[in-house]
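Read the structure below first, then the notes.
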Amino acid sequence: MGVRILFLGPLSDLAGGSEREVAAPLDWAGLLDHVGPDIAEQLGEARVNVACGGKVLADKTALHAQDGDEVALLPPVSGG
Amino acid sequence: MGVRILFLGPLSDLAGGSEREVAAPLDWAGLLDHVGPDIAEQLGEARVNVACGGKVLADKTALHAQDGDEVALLPPVSGG
Amino acid sequence: MTLSTPRDVRLLDQGLSVGEALAAFNAAHGEAGGIVSFLGKVRPEGDVKALELAHYEPLTLPGMRELTEEAFERFSLDGALVWHRVGTMTPGDTIVLVAAAARHRRNAFEAADFLMDHLKSAAWFWKRERRSDGWHWIEPRGQDHADLARWK
Amino acid sequence: MTLSTPRDVRLLDQGLSVGEALAAFNAAHGEAGGIVSFLGKVRPEGDVKALELAHYEPLTLPGMRELTEEAFERFSLDGALVWHRVGTMTPGDTIVLVAAAARHRRNAFEAADFLMDHLKSAAWFWKRERRSDGWHWIEPRGQDHADLARWK
C-alpha cells in the first residue's frame, strides 16, 4: 500500500497532481526528498501544515508515516 | 373639534384612558392643568416627550395646539 | 412575497413567515456578498402569558424609516428589511425581523446590530406583559441605553 | 427539512434553500429570544466566472464541528446551524449559511460573527477563481487574520 501524499490547494499545481503514492515508512527527510525542491521550500514555511492519519502534526518534522497512512500537505487556507 | 390628547404606554393607565378631547387652543400650562397632578409630574421629566401634529416638540413647554391638533404624551419607550 | 427594494420597512399587526421573508430578501439581493438577519421572538419567561406592543402611528413608522435610512448610509447597504410587530403576541411569536445586505460581511453584521439596538431603545414602542396577576408595563432597561451608546 | 438539534453542521456539495433552512432552524428553536443568521454568496466581481472550494475531508468537517462547539459554549447558544458549500459555484450562489439561536440577542450576534470569522480564516478550505485567463488560487487575506484576532 505505501503512503499516500495529498497536495491540497495551490500545492496541487506545484506538484502537478493532487496525490502521489510513495513507499512506507515516510519521515520528514523522505517527504522533502519525494516532493522535490519547490514543494520542499513551501513545506519549510511555518504556515504550511502537514497532517498524518487525519491529524495535523504539532511538529511536522516529527512525521513518521506507516504503511497505509495518508499524509496531507496543507498550505495556508484561503477562506470559506 | 378641539384638541385630542393621547396618552401613550403607561400614561394611559394614569389617565384612566388612552385619549381625551379638550378645548382649543392648548398650551403647556393648559395641558398640565387638564391632565391632573400625577401626569403633570410625569410631564415635568425630561425623558417624557410631547408630540403635536405628529412631530415631537424640541421644547415641549412651547406647546401651542390649535383646533384639530393631536397632542401625544410620550413616556420613555420600553423597547421593541 | 413581494418586497419593496432596496428598503422594506413595515409595522405588522399579525404574524409573519420568517422563512418566506428571508428567501424573498435573499432573492431580491442576489448580488450582495453577505446578508445578516436578526429574528427576535417573545421568550417564554416566568409566568408571562402575553406581550403587547403599543405604538404611535404618526411617529413609529416614520421613525423606523429614518433609522433604516441612517443604517443604509452608515454601512453602505445594498438592501434592508425592517419589520416590527405591534399588538398582542404570545411566547414564541416573532416580534421583529431585520435583515441587512451588503457587499462585505462586517457591514451587514454591524447594520443588523445597529438596527436592533435602535429599535430596542429608541423606537416608539411601549411594551407590557400579561402575567398571572394582570398587565404590567415594562420599564426601559439600562442595558438598552448602554447598547445605544456603542454607536455614538 | 429536518435539522439535527441543537447543532447542525454540514458540508454541502450542491446548492441549498436558505429560506427553508432558516424556517426549519427557527421552528427548531422556538424558545430562543434571538436568532442571527449570516448568508454568504459568491459576489459577481470583475471577470470571475466561477469559484471552487477545495477541502480535506478528514479535517474540514471535524474542524467545523469543533468550532461550532466552541461557539456553543462561549456564547451560551441554544442552537447553531453551520453549513458550508464545497465544489464549484457561480456568482450569486450561496457559499455559507450560519445561524445562532440564543436567549439574548448580543450572544446570537457575536456567535454568528465569531463563526464567520473563523470559517473565513481558520477552516480548512482552499479557494480558487476562474477568470477569463484561467484558474487562480486565492491568497489568504490580511483582513481575515485581523478579524480572527478580535476573538483572542
Side-chain angles (χ1 to χ4, degrees), chain C residues 1 16-27 29-45 48 51 78 90-117 119-121 141 143-144 146-147 150, chain D residues 1 16-27 29-45 48 51 78 90-117 119-121 141 143-144 146-147 150:
Chain C
M1 176 179 301
L16 56 116
S17 165
V18 171
E20 257 187 80
L22 292 179
F25 187 75
N26 178 19
H29 300 287
E31 311 230 322
I35 292 177
V36 170
S37 75
F38 177 82
L39 163 65
K41 294 189 284 186
V42 182
R43 277 201 302 258
E45 206 160 62
V48 175
L51 182 149
D78 292 336
T90 52
D93 284 356
T94 295
I95 308 175
V96 59
L97 179 65
V98 153
R103 188 177 159 78
H104 297 290
R105 79 175 184 282
R106 179 77 47 227
N107 278 352
F109 268 113
E110 292 195 344
D113 200 6
F114 172 92
L115 286 165
M116 282 310 306
D117 278 352
L119 286 172
K120 281 285 176 186
S121 53
R141 293 169 55 233
Q143 183 58 43
D144 289 336
D147 288 344
R150 298 163 62 220
Chain D
M1 177 177 302
L16 56 116
S17 165
V18 171
E20 257 186 80
L22 292 177
F25 188 77
N26 179 18
H29 300 288
E31 310 229 322
I35 292 177
V36 170
S37 74
F38 177 82
L39 163 66
K41 293 189 283 187
V42 182
R43 277 201 302 257
E45 205 161 62
V48 174
L51 182 149
D78 291 337
T90 52
D93 284 355
T94 295
I95 308 176
V96 58
L97 179 65
V98 152
R103 189 177 158 78
H104 297 290
R105 80 175 183 282
R106 179 77 46 228
N107 279 351
F109 268 112
E110 292 195 344
D113 201 3
F114 172 91
L115 286 165
M116 282 310 305
D117 278 352
L119 286 172
K120 280 284 175 187
S121 53
R141 293 169 55 232
Q143 184 57 45
D144 288 336
D147 287 344
R150 299 162 61 220

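Labels below follow one simple rule: chain letters A, B, ... track the order of the sequence lines, proteins then strands, and each chain is numbered from 1.
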Looking only at C:Ala112, C:Ala27, C:Ser37, C:Gly34, the option with the highest number of non-hydrogen pairs under 4.5 Å against chain D is C:Ser37
Option that, when pairs with chain D are counted at under 4.5 Å, heavy atom only, ranks first among C:Leu22, C:Asp113, C:Val18 = C:Asp113
Hey, which of D:Pro44, D:Ala99, D:Pro91, D:Gly92 has the most heavy atom pairs under 4.5 Å with chain C?
->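 Ranked by heavy-atom pairs under 4.5 Å with chain C, first place is D:Pro44.
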Contact leader toward chain C among D:Leu97, D:Leu39, D:Asn26, where contacts are heavy-atom pairs under 4.5 Å | D:Leu39
May I ask you to decide if C:His29's main-chain N or O and D:Lys41's side chain share a donor-acceptor pair within less than 3.5 Å?
->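 The answer is yes, because a donor-acceptor pair under 3.5 Å joins these two groups.
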Heavy-atom cut-off 4.5 Å, strictly under: side chain, backbone, both or neither for [X] against chain C?
X: D:Ala100; value: neither
X: D:Ile35; value: both
X: D:Val36; value: both
X: D:Glu31; value: both

C:Arg105 bridged to D:Asp117 by N-O distance under 4.0 Å = yes
Any idea which heavy atoms bring D:Ala23 and C:Gly19 closest together, and the distance?
->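 Answer, listing the atom of D:Ala23 first, then C:Gly19: CB-CA, 3.9 Å.
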Name the region of C:Ala101, side chain, backbone, both or neither, that has any atom closer than 4.5 Å to a heavy atom of chain D.
-> neither
With C:Arg103, which residues qualify under side-chain contact (heavy atoms from CB on, under 4.5 Å), at least two apart?
->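 With neighbours one apart ignored, the set is D:Arg43, D:Glu45.
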For D:Ala24, side-chain contact (heavy atoms from CB on, under 4.5 Å) partners two or more places apart = D:Met1, D:Leu3
